[in-house]
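For the numbers below, each heavy atom of this structure counts, side chains included, while hydrogens, waters and symmetry mates do not. This chain uses plain numbering: 1 for the first residue, then up along the sequence.
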Amino acid sequence: CVGTVHSSSFGGGVVYATADGGATWKRASEQAFTGPLAFADDEHGYALAGANGTGLLATADGGRSWHPILSRISSRGTDTFNVPVFSGESGVLPVRDPTGTRLALYRTNNAGQSWSRIGTLSSPSFRAYGPGVQIPIAALGPLEWIVASGRYVFHTSDGGVTWARSKSHGASGLIELDFPSDATLG
């Protein structure tokens, strides 16, 4: 859904776009996807590709065409990508290394047109999320993110320079993070 919802997760889907608030829909891409998608805005989107999310595709035209950006981020071919999360044009892209214990974090300020590595977040409990499983992450603001790791939650409010860790108090760990925007609160 380009233009209304900028992030979704599903299996075996395609991208549709609406220009009239959802009254009518038009298929935006011939590409079929088997994993999650994320859109920063109406034009810039990302989708997982490859076995177990070892590749990342990008679009700059609302989903009409897609191209791989794996070589721009990670050249190993064994890293596991999450779809990025966005707050406006600012976003963070976590990339898990083959050991499953470290996330390399990349940041964008221009809806993903360029990415810069900002650091690494390490936790043995990242292994709780097997190959191809998305690590729960949420963007609360341009520099504020929350990452789940098994029974722990990591939080940064300075763009990943420092991280605070706390227990999630979940019986078997978190599998998803969702936070409503202020606009949805009554």
Side-chain angles (χ1 to χ4, degrees), residues 1-10 15 35-48 53 56-60 62-63 69 73-74 79-97 100-129 132-186:
C1 166
V2 178
T4 303
V5 176
H6 295 299
S7 181
S8 63
S9 178
F10 57 87
V15 177
L37 298 170
F39 276 82
D41 56 31
D42 292 347
E43 299 298 318
H44 299 93
Y46 301 87
L48 292 185
L56 191 64
L57 300 174
T59 182
I69 64 167
I73 303 292
S74 170
D79 291 334
T80 303
F81 288 85
N82 263 51
V83 290
V85 293
F86 293 92
S87 176
E89 290 199 345
S90 294
V92 62
L93 168 66
V95 181
R96 192 168 15 158
D97 77 347
T101 62
R102 289 186 302 273
L103 289 180
L105 298 168
Y106 296 85
R107 181 169 177 231
T108 182
N109 291 316
N110 56 15
Q113 294 176 50
S114 62
W115 295 91
S116 300
R117 185 170 175 159
I118 57 169
T120 302
L121 185 59
S122 298
S123 174
S125 58
F126 285 136
R127 285 191 189 125
Y129 305 96
V133 177
Q134 297 286 286
I135 290 177
I137 184 168
L140 302 178
L143 299 176
E144 188 173 11
W145 313 310
I146 294 179
V147 178
S149 170
R151 294 181 189 263
Y152 296 99
V153 175
F154 294 89
H155 174 257
T156 183
S157 58
D158 58 12
V161 175
T162 60
W163 291 87
R165 184 181 89 164
S166 61
K167 283 196 157 247
S168 71
H169 302 289
S172 61
L174 293 172
I175 58 170
E176 187 172 337
L177 294 172
D178 289 304
F179 296 90
S181 67
D182 289 340
T184 63
L185 299 176

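- With respect to Trp145, the side chain to side chain contact (heavy atoms under 4.5 Å, CB included) criterion is satisfied by exactly one of Leu140, Leu121, Val92: Val92.
- For Thr156, the side-chain hydrogen bond (donor to acceptor under 3.5 Å, both in side chains) partners are Asp158, not counting sequence neighbours.
- Of the inter-residue distances, the one linking Leu105 atom CG with Thr120 atom OG1 reads 7.0 Å to the nearest 0.5 angstrom.
- Rounded to the nearest 0.5 angstrom, Phe154 CZ and Arg165 CZ are separated by 5.5 Å.
- Taken to the nearest 0.5 Å, the OG atom of Ser122 stands 8.0 Å off from the CG atom of Asp97.
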Under the side chain to side chain contact (heavy atoms under 4.5 Å, CB included) rule, what do Phe86 and Asp41 come out as? Steps first, then yes or no, please.
CA-CA 9 Å; Phe86 293 92; Asp41 56 31; over 6 Å; no

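- Closest non-hydrogen pair, Phe39 versus Gly45, comes out as CD2-CA, 3.6 Å.
- In this structure a side-chain-to-backbone donor-acceptor pair under 3.5 Å is present from Tyr46 to Gly112.
- Checking side-chain atoms of Asn82 against main-chain N and O of Pro94 turns up no donor-acceptor pair under 3.5 Å.
- Thr108 and Gln113 make their closest contact through OG1-N, 4.1 Å (heavy atoms, listed as atom of the first residue, atom of the second, distance).
- Closest heavy-atom contact between Arg107 and Ser90: NH2-OG, 4.4 Å.
- When all heavy atoms of Val83 and Leu93 are compared, the pair lying nearest together is C-CD1, 4.4 Å.
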